[in-house]
Every structure is written in structure tokens, then in C-alpha cells.
Amino acid sequence: MERKFVVGGNWKMHRGTPSDAKMMLKKFLKLVKKIENVDIIIAPPFTAIPFTTEYVKKSKVKIGAQNMYFEKKGAYTGEISPVFLKEIGCEYTILGHSERRHIFNETDELINKKLKLALNMNLKPIVCIGELLEEREAGQTNEIIEKQFKGSFRDLKEEEITNIIIAYEPVWAIGTGKTATPEQAEEVHQHVRDLIKKTYSESVSKQIRIQYGGSIKPHNAEELFKQKNIDGGLVGGASLEAESFSEIIKSAEMLSK
Ligand code: PGA
């Protein structure tokens, strides 16, 4: 089964107002108009989600959140329910981004709870995993990936795991300009696919899309996307501008033909 490329833009705490978002999207939607074979997702800050879902409505672009809480409703000051996200037209949510894990101390256990509710609500999760520089240097990459995979994806049924997009994002490559080499990335992607195969089955492992993330730019996207187990990317910095983000998407489109 052929996996369709999926490229997501994570705007982090940038472009958080409607006018900010419009500035980028106006140009971007024109640039990606002809894209046919790539799923495109943009995850703006919560404050720009209602505007962006409306603005991209007639295009192929889908909107995602960057986070959500694991309860539907209640006294959880400052948190966002997936119910609200669904209602304003959000289709995806990023979960367990390394900034959530390392700045806000999110654990695999917490991410697992969020993941289960997202799936339950039909909000498609993009779940991030990735090692720190010191873990890579200590030769612990595979071990860390396995631990995050087992913890974040705990007790998921086969029909649930197939609705997830996994993003492998080595923490040392995020926002640093240091991209993993295509070989380094492919090695981990292969490992993740093997883990899925071991936990579920070969056919499940072949269906799941695994994005790479960490300093993807127009000049390195093609080499990364050429790898057998890399099914697209999660892009931070380069997704903030229409030109760079559309170039990255076009690299994926070109390889799909
Ligand atoms: P970056 O961010 O492309 O700026 O490295 C990637 C991410 O955090 O998803």
C-alpha cells in the first residue's frame, strides 16, 4: 500500500492573530493550489484556529491544534478541550511535541491519555517522539524511541493506531538549523516501523505515516522525503512563510509522481 505524503506546518507561538495568519495564507493557498498528492496541515496557535479553518475552507489545507487536554469539559483553567477544537473545524492535533515534553514536562502517560481522547473524538493525532542530543550521543536513541512509543501509544487497538501520524523529531534538530542526515532519520524511521510491526502487524506498520521533523527547509526536504520510511514532514520555522512552506510541499508532490 502506497502511503500518501503528509506535510504539516507547526506555527508554534507565532502567527497567532487572524491578520498574521492571513498574511501568510493568502499567498500560500495560491502557491499550493495545484498540489494533489500531499496532505497539507497547518497548526496555528489556538487564537488563529477559528479564522484559519474558515479561510482555508475551500482549499485542500486542513487545520490542526498544537495541543489539547485529556478531558472534554471541566474546571481545568487554561486548557483546551478537543470538543471545542472539533466544533471550530479543527481536524488534527499535534500531541507530545518535544517543546511540550521538555518545557512543560509532559510525560508519556499524559500524552497517552490525550491520544486516547483525541482518537475517541475523531481528531487525528500527530504524535511526536524524539531523542535529546545527549541521548543520541550516549547511543540511546533507539531505546528512547522505544520507551516513548510504548508509553505514548499504550493500549491502542489496531484500528486506533492506524489513524495516527507519527512525527520523529530529534530534539537536537528542532529550531537549531541542524537537520538529521537523511540516513540518520531513515534509521530511526525504520526502527519505528519495526516497533509497529512487532506490536501490531506488518500490514499495520506499512499503513502508518511517519513524518520527520527538525529544521526541514526547502533545500533539504527532497533528500529527506526520498527515504523509504519518511512519509513527509512536520515543519516549524519554514512553515511560517508561504514560499518556503510551499517549496517543501512541492518536493513531496514531485516525489509522489
Ligand atoms: P523546526 O521545527 O522546523 O523549526 O526545526 C520543527 C518542529 O518543532 O515541529
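Numbering starts at 1 and runs along the sequence shown. In listed order, ligands and their atoms are each counted from 1. Hydrogens, waters and symmetry mates play no part in the numbers below; they use all other heavy atoms, side chains included.
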Near His97 (heavy-atom distance under 4.0 Å), the atoms of ligand 1 are 7 (C), 8 (O), 9 (O)
With the threshold set at 4.0 Å, does a side-chain nitrogen-carboxylate oxygen contact exist between Lys86 and Glu91?
-> no
Is Ala173 touching ligand 1 with its side chain, its backbone, both, or neither, if touching means heavy atoms under 4.0 Å apart?
-> backbone
Salt-bridge test for Asp231 and Arg193: reply yes if a basic N is under 4.0 Å from a carboxylate O, no otherwise.
-> yes
Just distances here: any N/O of Glu99 and N/O of ligand 1 closer than 3.5 Å?
-> no
Ligand-residue contact atoms, ligand 1 with Gly214, heavy atoms, under 4.0 Å = 5 (O)
Judged by non-hydrogen atoms, does Ser215 sit under 4.0 Å from ligand 1?
-> yes
Among the heavy atoms of Lys12, does any lie under 4.0 Å from an atom of ligand 1?
-> yes
What class does the angle between the rings of Tyr69 and Tyr76 fall in, given that below 30° is parallel, 30 to 60° is tilted and above 60° is perpendicular?
-> tilted
Does Glu169 come within less than 4.0 Å of Arg101, counting only side-chain N to carboxylate O?
-> no
When every non-hydrogen atom of Ala43 is compared with those of Ile94, the smallest separation belongs to CB-CD1, 3.8 Å
Short list, please: which atoms of ligand 1 are under 4.0 Å from a heavy atom of Gly175?
-> 1 (P), 4 (O), 5 (O)
Looking only at protein heavy atoms, which one is nearest to atom 9 (O) of ligand 1, and how far off is it?
-> Glu169 OE2, 2.7 Å
Cationic N near anionic O, under 4.0 Å, Glu131 to Arg136 = yes
Could you tell me whether Lys150 and Asp108 have a side-chain N and a carboxylate O separated by less than 4.0 Å?
-> no
Going by the order shown, which atoms of ligand 1 are within less than 4.0 Å of some heavy atom of Gly237?
-> 1 (P), 3 (O), 4 (O)
Inspect the contact between Lys226 and Glu223 and indicate whether a charged nitrogen and a carboxylate oxygen are less than 4.0 angstrom apart.
-> yes
Can you tell me which residue and heavy atom of the protein come closest to atom 6 (C) of ligand 1, and the distance to 0.1 Å?
-> Gly236 N, 3.5 Å
Using a strict cut-off of 4.0 Å, indicate which atoms of ligand 1 neighbour a heavy atom of Asn10.
-> 9 (O)
